[in-house]
> 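Below: one structure in structure tokens.
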There are 2 protein chains.
Amino acid sequence: MDTGDRLLTPGEVAALFRVDPKTVTRWAAAGRIGSIRTPGGHRRFRESEVRALLEGEGVLDELEEGPENRPRNAGPANPPGGGPAGAGHMGLH
Amino acid sequence: MDTGDRLLTPGEVAALFRVDPKTVTRWAAAGRIGSIRTPGGHRRFRESEVRALLEGEGVLDELEEGPENRPRNAGPANPPGGGPAGAGHMGLH
DNA sequence: AGAGATTAGGGTAATTGGGGCT
DNA sequence: TATGTCCCAATTACCCTAATCT
């Protein structure tokens, strides 16, 4: 499965998540998402990683993506830090 | 694969339904509406799904029948471990 | 060499998440 | 049961200028 070594720009990732490019930069700075830096300091993100985050890496059930949405919320929501970053502290009070 | 689903913020969905963003969050927590979480924990909703809900295509079991008796009988909206009865079908034309 | 658009960086306001209560 | 409002903490969005990428 070549999920792509394709690199995405912060603007692309931001559009995918419907967030600000600056927010994507914060994710990289916080270690929540892997980033590759250009010699100039700009960041590039792997499309495979971004897509995994979008769908929810924990639940890959939906192969066919059609008009049929199936909101099956089984189990705990995907932990934000879930992946590589561990990032451990979130709001828990 | 792109069904043309833009992602909406909780505030956007709340404005569409004329409810509080908190209510939209509860819908997502209850599994009544699909939600995508950002690495930061915030939710994003698919515009296509929201539109389907707005049109009423998502709730075909609740028609205007039952004039006075609508005891909302033992029908747990989201039984634990059970598939969320709510939503799940979307009309396809 | 130029130009344009995007991105990084800091700072501040607005939104969101979660729990509890009316 | 379902919404709305309160709290506080975290995340996100928009402001700016300078540097980098195409």
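Lettering of chains follows the sequences in order, A, B, ..., and the numbering in each one begins at 1.
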> Given atom CD of B:E12 and atom C1' of D:dA13, what is their separation to the nearest angstrom?
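So the CD-C1' distance, B:E12 to D:dA13, works out to 13 Å.
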> Starting at atom CZ of A:R18, determine the distance to atom C1' of C:dT16, rounded to an integer number of angstrom.
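Computing the A:R18:CZ to C:dT16:C1' distance gives 14 Å.
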> Any donor-acceptor pair under 3.5 Å linking the side chain of A:D20 with the backbone of A:K22?
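At least one qualifying donor-acceptor pair exists.
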> How close do B:V24 and B:P10 get, heavy atom to heavy atom, and via which atoms?
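Looking at all heavy atoms of both residues, the closest pair is CG2-O, 4.2 Å.
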> Look at B:T23 and D:dT3 and indicate whether a side-chain polar atom (N or O) is within less than 4.0 Å of OP1 or OP2.
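So the side-chain polar atoms of B:T23 never come under 4.0 Å of the phosphate oxygens OP1 or OP2 of D:dT3.
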> Considering only nitrogen or oxygen atoms on both sides, find all protein atoms under 3.5 Å from nucleotides 3-5 of chain C and state each distance.
none

> In whole Å, I'd like the distance from the CZ atom of B:R43 to the C1' atom of C:dG17.
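Atom-to-atom, B:R43 to C:dG17, this comes out as 7 Å.
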> Other residues, nucleotides and ligands only: do more than 12 of their heavy atoms fall within 6.0 Å of CZ on B:R18?
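Counting neighbours around CZ of B:R18, 12 or fewer heavy atoms of other residues, nucleotides or ligands fall under 6.0 Å, so no.
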> I want to confirm an ordering. Mapping B:V19 and A:P21 to their closest nucleotides on DNA chain D, which one lands closer to the 5' end?
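The answer here is B:V19.
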> Are OP1 or OP2 of D:dT11 and a side-chain N or O of A:W27 less than 4.0 angstrom apart?
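Checking A:W27 against D:dT11: no side-chain N or O falls below 4.0 Å of OP1 or OP2.
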> What one-letter contact string describes nucleotides 14-22 of chain D from 5' to 3', where B marks a base within less than 4.0 Å of any protein heavy atom, S marks contact via sugar-phosphate atoms alone, and - marks no contact?
B-----BS-
> Between A:R37 and A:R43 (side chain of the first, backbone of the second, donor and acceptor by atom type, cut-off under 3.5 Å), is there such a pair?
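Not confirmed, A:R37 side chain does not pair with A:R43 backbone.
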> To 10°, what angle do the rotation axes through the five end pairs on each side of the helix from C:dA3-D:dT22 to C:dG19-D:dC6 form?
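If I round to tens, the end axes sit 60° apart.
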> Within the distance-only criterion (no hydrogens, no angle test), does the side chain of A:E49 pair as donor or acceptor with the backbone N or O of A:G34 below 3.5 angstrom?
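Yes: the side chain of A:E49 pairs with the backbone of A:G34.
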> From CZ of B:R37 over to C1' of D:dA10, roughly how many Å is that when rounded to an integer?
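The distance from CZ of B:R37 to C1' of D:dA10 comes to 12 Å, rounded to the nearest Å.
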> Could you list all the ring pair (Phe, Tyr, Trp, His ring centres under 6.0 Å) pairs where at least one residue sits in residues 13-49 of chain B, not counting sequence neighbours?
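Ring pair (Phe, Tyr, Trp, His ring centres under 6.0 Å) check on residues 13-49 of chain B returns B:F17-B:W27.
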> Where do B:R46 and B:L7 come nearest, in terms of heavy atoms and distance?
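Where B:R46 meets B:L7 most closely, the heavy atoms are CG-CD2, 4.1 Å.
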> Between C:dT7 and A:T9, is there an OP1 or OP2 to side-chain N/O distance shorter than 4.0 Å?
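Checking C:dT7 against A:T9, a side-chain N or O does come within under 4.0 Å of OP1 or OP2.
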> Could you pull out all residues at least two apart from B:L8 that satisfy side chain to side chain contact (heavy atoms under 4.5 Å, CB included)?
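So B:L8 forms a side chain to side chain contact (heavy atoms under 4.5 Å, CB included) with B:E12, B:V13, B:L16, B:E47, B:V50.
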> Once you round to the nearest 0.5 Å, how far does CD1 of A:I33 lie from OG1 of B:T38?
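Rounded to the nearest 0.5 Å, the CD1-OG1 separation comes out at 11.0 Å.
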> A:G11 and A:P21: which non-hydrogen atoms are nearest, and at how many Å?
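For A:G11 versus A:P21, the nearest heavy atoms are CA-CG, 4.4 Å.
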> Would you say A:R44 has more than 12 foreign heavy atoms packed within less than 6.0 Å of its CZ?
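Result for CZ/A:R44: enclosed.
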